[in-house]
Protein chains: 2
Amino acid sequence: MAADTAVAFEPRKTPVQARATVTVGAICEATIQVLLSHGADRLTTTRVADRAGVSVGTLYQYYPNKRSLLFAVFEDHMDKVSQAVEVACADACHKPMPEMIRRVVEAFVDVKMQRADISIALYKVAPDVGGPALVKRTGQRLRKAIEAMLLTAPDLKLSPDRFAIDMMLSAMSGAMRSALEAGASPAMFRKVREHLVLLCQSYMAAATTGDD
Amino acid sequence: MAADTAVAFEPRKTPVQARATVTVGAICEATIQVLLSHGADRLTTTRVADRAGVSVGTLYQYYPNKRSLLFAVFEDHMDKVSQAVEVACADACHKPMPEMIRRVVEAFVDVKMQRADISIALYKVAPDVGGPALVKRTGQRLRKAIEAMLLTAPDLKLSPDRFAIDMMLSAMSGAMRSALEAGASPAMFRKVREHLVLLCQSYMAAATTGDD
DNA sequence: ACATTGGATGAAGGATTCTTCAGGTTTGGA
DNA sequence: TCCAAACCTGAAGAATCCTTCATCCAATGT
């Protein structure tokens, strides 16, 4: 059921002139917009091109097919999220564990919220674009960053469990996803953030005590 | 961007004779299979009919369109999950809170795992089929059941917060989703279940103490 | 046995969509 | 100024898909 995850996903050509850079940016932005306004199943290359103010041909000059376009947008978003979390991890080294968790969770929630529209749009295509694979890759990247950070915690009895970190990450994703898809208000997001911090802190505390 | 969530989703006709019941069952099962083997974007009504061993016309006799078919399968699954959790809630009344949480989490994990293939298949179409709406509805249903159960807990200082329950549910969904999409082994699932219990228990304990 | 309602068929109409390519326009350096 | 490379255009080919409907088979009750 898989194996075609890596077929022709690479961009076809990289923009050289400034004009083309603008074009590619417009195409990516238009992809998000069309996804939000028309849904994943009515996302057509022509519609995206129209919205971007270019012709279809132009789109196919940079992306070999529709999936590669979606994949590129998805990959870009995941990369931004990863970077935000990695920065938070670096900043939180040597702090007490609860403080570490707080920073990581807040960084994650904030970066997702700043680009709420993109996050929501991408949930709609992830399945059709090798989503799980990319999500897994990103998960590993985040886990490494968090693992490294936790190793510098002065108040940890047990070494942090890899599995527990994955658990925490997937719980975070789930909570954010449902908040985003429910169209939560800014006030609601603050509450989600607050509770998600509590959730992760208490789980991590429990997971790094008499375990085995 | 919404408003067409309730268009022609109702089944067209309900099977009367036994023969037709079998047919409808085969169509639903075939839908899952095609989803798993071909992906959401290559799920065609003709392919589903072929796999079910009937003609397309038959399919359209029961479902007015493709989306309504997907919706029906989705709705059926969500109903099964809800029932399993509701039963667990009813059984766990008057038990200590940690025990309650344990039962609910285990019920949820187990029912999802029993139908792992269906769960995975449905993740692929949820976005295109009024998924978020159905998920929200199911979430409310589950929250009510859990809320009622928690009210009978003998060891709870604060009345359980609605928001906290939603939080727990979305964290559970997220964790299960990533485990399912990662193709976790049975052994891995046991570990996920165990940790998810711990996560929910520690969060609930924290959320029902000095809060606000 | 027969009429009526339920159930099944599958070719074909109608509508989209993806992707290409031959040819025109713009840019930037020589 | 002039040219080659970079860009852009958009009509049209090729491939799918969704859905319908006229027609035939099966079941049920009288």
Side-chain angles (χ1 to χ4, degrees), chain A residues 4 7-31 34-35 37-73 124-125 128-130, chain B residues 4 7-31 34-35 37-73 124-125 128-130:
Chain A
D4 54 332
V7 284
F9 268 9
E10 296 308 306
R12 187 172 264 173
K13 188 166 80 174
T14 305
V16 173
Q17 300 174 3
R19 176 172 50 140
T21 305
V22 172
T23 298
V24 171
I27 290 174
C28 289
E29 183 58 34
T31 302
V34 171
L35 222 38
S37 58
H38 294 258
D41 46 0
R42 285 201 315 204
L43 179 297
T44 73
T45 49
T46 305
R47 237 192 286 264
V48 169
D50 280 351
R51 177 107 197 190
V54 300
S55 82
V56 230
T58 300
L59 189 158
Y60 278 92
Q61 204 145 23
Y62 298 101
Y63 302 97
N65 52 54
K66 196 172 84 162
R67 297 182 74 193
S68 85
L69 167 65
L70 270 343
F71 184 79
V73 174
K124 301 184 181 180
V125 289
D128 304 324
V129 191
Chain B
D4 52 334
V7 284
F9 267 10
E10 296 307 308
R12 187 171 264 171
K13 188 164 80 172
T14 306
V16 174
Q17 302 174 4
R19 176 173 51 138
T21 305
V22 172
T23 297
V24 171
I27 290 174
C28 289
E29 184 57 34
T31 303
V34 172
L35 222 37
S37 57
H38 294 258
D41 45 0
R42 286 199 315 201
L43 179 295
T44 73
T45 49
T46 305
R47 236 191 285 264
V48 169
D50 280 351
R51 177 108 199 190
V54 300
S55 81
V56 231
T58 301
L59 189 157
Y60 278 92
Q61 202 144 25
Y62 299 100
Y63 302 97
N65 51 54
K66 197 173 84 162
R67 297 183 73 193
S68 86
L69 166 65
L70 270 342
F71 184 80
V73 175
K124 300 184 183 182
V125 287
D128 304 323
V129 191

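Below, read A as the first sequence line, B as the second, and so on, with proteins coming before strands; counting in each chain starts at 1.
The minimum heavy-atom distance between A:Ala26 and A:Ala52, with the atom names listed, is O-CB, 3.7 Å.
No contact: A:Tyr63 has no heavy atom under 4.0 Å from any strand.
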## Note on the structure
In B/S/- notation (B base, S sugar-phosphate only, - none; protein heavy atoms under 4.0 Å), nucleotides 12-30 of chain C written 5' to 3' is -----SSBB-----BS---
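Going from atom OH of B:Tyr62 over to atom C1' of D:dT20 covers 17 Å, rounded to whole Å. Separating the CD1 atom of B:Ile27 from the C1' atom of C:dA8 is a distance of 10 Å, rounded to the nearest angstrom. The nearest whole Å value for the distance from the CD atom in B:Gln61 to the C1' atom in C:dT9 is 10 Å.
Considering only heavy atoms from C-beta on, B:Lys13 comes within 4.5 Å of B:Tyr62 through its side chain.
One finds a side-chain N or O of A:Ser55 lying less than 4.0 angstrom from the OP1 or OP2 phosphate oxygen of D:dT9.
Between the A:Arg47 side chain and the A:Val34 main chain, no donor and acceptor come within less than 3.5 Å of each other.
With rounding to the nearest 0.5 Å, the separation of CD1 in B:Ile27 from CG in B:Leu59 is 4.5 Å. With rounding to the nearest 0.5 angstrom, the SG atom of B:Cys28 is 3.5 Å from the OH atom of B:Tyr63. Atom CG of residue A:Leu69 and atom CZ of residue A:Arg67 lie 12.5 Å apart, to the nearest 0.5 angstrom.
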What protein N or O atoms touch nucleotides 13-15 of chain D N or O atoms at under 3.5 angstrom, if any, and at what distances?
none

### Task
Test side chain to side chain contact (heavy atoms under 4.5 Å, CB included) on A:Arg51 and A:Glu29 and set out the steps.
CA-CA 9 Å; A:Arg51 177 107 197 190; A:Glu29 183 58 34; over 6 Å; no
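Residue A:Leu43 is tested with A:Val48, A:Asp128, A:Val125 for a side chain to side chain contact (heavy atoms under 4.5 Å, CB included); the sole match is A:Val48.
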